[in-house]
Amino acid sequence: MTVPSVGSQSVTVLVIDPDPLNQRAMRDQLMRLGYTARSTDDYDSALAILEATPPDVVLLVNLPIPGEGWEELQANLKNWGIPLITLTGMGDGFTMRDLSSPDQAVQDVDLRARLDAALQSRQAHEALVMENARLSGERLYDPITGLFNRRYMMIRVEEEIKRSSRHAYPLSCLLLDIDGFDAINEKWGNHTGDAILRDISHIMTRTLRATDIVARYRDDEFIGLLTDTDATGAQIAANRLRDAVAIHHFNHSATNERIELTVSIGVAYWHPTTAPGEGTWEPQLIGLAERALKAAKLSGPNRLVMLQAA
């Protein structure tokens with residue numbers, strides 16, 4: 001048996017041809033070349049096969065392209081990334097009529113080459129899809145802390161504001177800034193600074209609830225979106241964070257010398273109202289939290305300032 005150069009017998013080829021004799025001839029040729037072959041005679045039947053057991057390649061033989069179900073078949077093949085090879089007519093070098101002729105060996109080579117090219121194209125497409133998915137995921141994470149990044153948080157804030165508006169749930173947002181972080185980097189170096197950022201990220205994820213969303217906002221600032229959390233709950237969470245940081249043992253990576261740190265936190269909290277004309281307003285929670293954080297930093301280290309979104 002001749003084995004296909006790409007793939008193996010696990011590669012399934014679906015033949016679409018209105019002529020039963022041509023279907024059988026093509027199935028025999030494909031199986032002789034080492035492929036698994038199925039066949040049908042119209043687009044609707046092909047669609048049913050695609051939904052039940054999708055093939056790796058579709059061969060369209062001696063069937064005019066226009067026809068009922070053609071557009072739907074094309075759309076499904078595109079969505080699933082299944083390549084389509086057309087062997088329609090006699091002008092493309094493929095003749096299914098006389099399979100016992102001396103030209104059959106050439107036909108085998110040409111057919112296998114077309115199938116190999118189609119399978120390679122599909123593999124390249126799948127690899128590209130996987131790589132894009134990987135890159136997309138990387139674009140949503142901060143490489144130093146492993147937390148979500150600002151881009152992801154901006155997406156989630158919009159979603160959570162809509163959800164809170166729809167269900168009348170309170171929503172709070174806190175911004176945390178490490179006091180004196182620039183001086184730490186200057187004294188101990190960026191390596192120690194990065195270790196501190198990772199420690200802060202662990203403290204936040206450990207202290208806040210699993211339902212809260214934590215991300216690195218910028219530089220030494222972290223953001224927490226506290227779902228279903230009113231002013232009282234946000235204040236408790238923010239003070240718990242300040243206390244957790246204050247008692248944590250931050251260390252210089254080389255000398256193991258203890259580094260004492262505090263953080264300043266700005267909180268914006270909001271509860272949607274059902275009053276006429278006010279139910280569709282979406283507060284700029286992050287902007288308000290930034291104002292609160294700025295006020296906290298101006299009032300001294302280890303401070304908390306809270307502002308209410310009207």
Query raised in the report: Quick one: salt bridge (charged side-chain N to carboxylate O under 4.0 Å, His left out) pairs with a partner in residues 220-239, sequence neighbours left out?
Result: R163-D228, R218-E221
**Report entry** Closest non-hydrogen atom pair between N76 and L47, with its separation
**Finding:** ND2-CD2, 3.6 Å
Query raised in the report: Taking only residues two or more places apart in sequence or in another chain, which ones pass side-chain hydrogen bond (donor to acceptor under 3.5 Å, both in side chains) with E159?
Result: R156
Query - Check against side-chain hydrogen bond (donor to acceptor under 3.5 Å, both in side chains), R209 and T229 - result: CA-CA 11 Å; R209 303 169 303 175; T229 303; 2.7 Å; yes
Query raised in the report: Do D41 and D17 have side chains that get closer than 4.5 Å, going by heavy atoms?
Result: no
Report summary line: Applying side-chain hydrogen bond (donor to acceptor under 3.5 Å, both in side chains) to R166 and not counting sequence neighbours gives none
Query - Audit row: R38, T53, side-chain hydrogen bond (donor to acceptor under 3.5 Å, both in side chains) steps and yes/no - result: CA-CA 10 Å; R38 302 189 64 185; T53 53; 2.5 Å; yes
Query - Value rounded to 0.5 Å, distance of CG in L197 from CD1 in I144 - result: 6.0 Å
Query - D177: partners by side-chain hydrogen bond (donor to acceptor under 3.5 Å, both in side chains), with sequence neighbours left out - result: K297
Query - Minimum heavy-atom distance between A168 and P272, given as atom pair plus value - result: CA-CG, 3.5 Å
Query raised in the report: Looking only at heavy atoms, which two atoms of A296 and R303 are closest? And how far apart?
Result: O-CB, 3.7 Å
Query raised in the report: T205: what forms a side-chain hydrogen bond (donor to acceptor under 3.5 Å, both in side chains) with it, not counting sequence neighbours?
Result: none
**Report entry** By ring pair (Phe, Tyr, Trp, His ring centres under 6.0 Å) - contacts of F148 (at least two apart)
**Finding:** Y141, Y152
Requested in this report: For H167, check ring pair (Phe, Tyr, Trp, His ring centres under 6.0 Å) against everything at least two apart and list the hits.
Outcome: Y169
Query - side-chain contact (heavy atoms from CB on, under 4.5 Å) partners of A238, counting only residues at least two apart - result: I265, V267, L304
Query raised in the report: Does the side chain of Y269 come within less than 4.5 Å of M306's, by heavy atoms?
Result: yes
Query - Closest non-hydrogen atom pair between I184 and I259, with its separation - result: CD1-CG2, 4.5 Å
Report summary line: Those residues at least two apart in sequence (or on a different chain) that pass side-chain contact (heavy atoms from CB on, under 4.5 Å) with R291 are L288, L307
Query raised in the report: With a 4.5 Å heavy-atom cut-off, do L285 and L171 have their side chains touching?
Result: yes
**Report entry** Cluster overlap V263 with I236, hydrophobic side-chain contacts below 4.5 Å
**Finding:** no
Query raised in the report: With sequence neighbours left out, what residues match Y217 under ring pair (Phe, Tyr, Trp, His ring centres under 6.0 Å)?
Result: none
Report task. Start with the C-alpha gap between T207 and R240, add the side-chain angles, then the distance that decides, and say whether side-chain hydrogen bond (donor to acceptor under 3.5 Å, both in side chains) holds. Result -> CA-CA 7 Å; T207 305; R240 188 184 298 128; over 6 Å; no
Query raised in the report: Looking only at heavy atoms, what is the nearest atom pair of A215 and M153, with distance?
Result: CB-CE, 3.7 Å
Requested in this report: Assert yes or no for the condition that the ring centre distance of H248 to F250 is strictly below 6.0 Å.
Outcome: yes
Query - Residue list, salt bridge (Lys or Arg N to Asp or Glu O under 4.0 Å) with D194, at least two apart or on another chain - result: none
Report summary line: Sequence neighbours excluded, the answer for salt bridge (Lys or Arg N to Asp or Glu O under 4.0 Å) partners of D199 is none
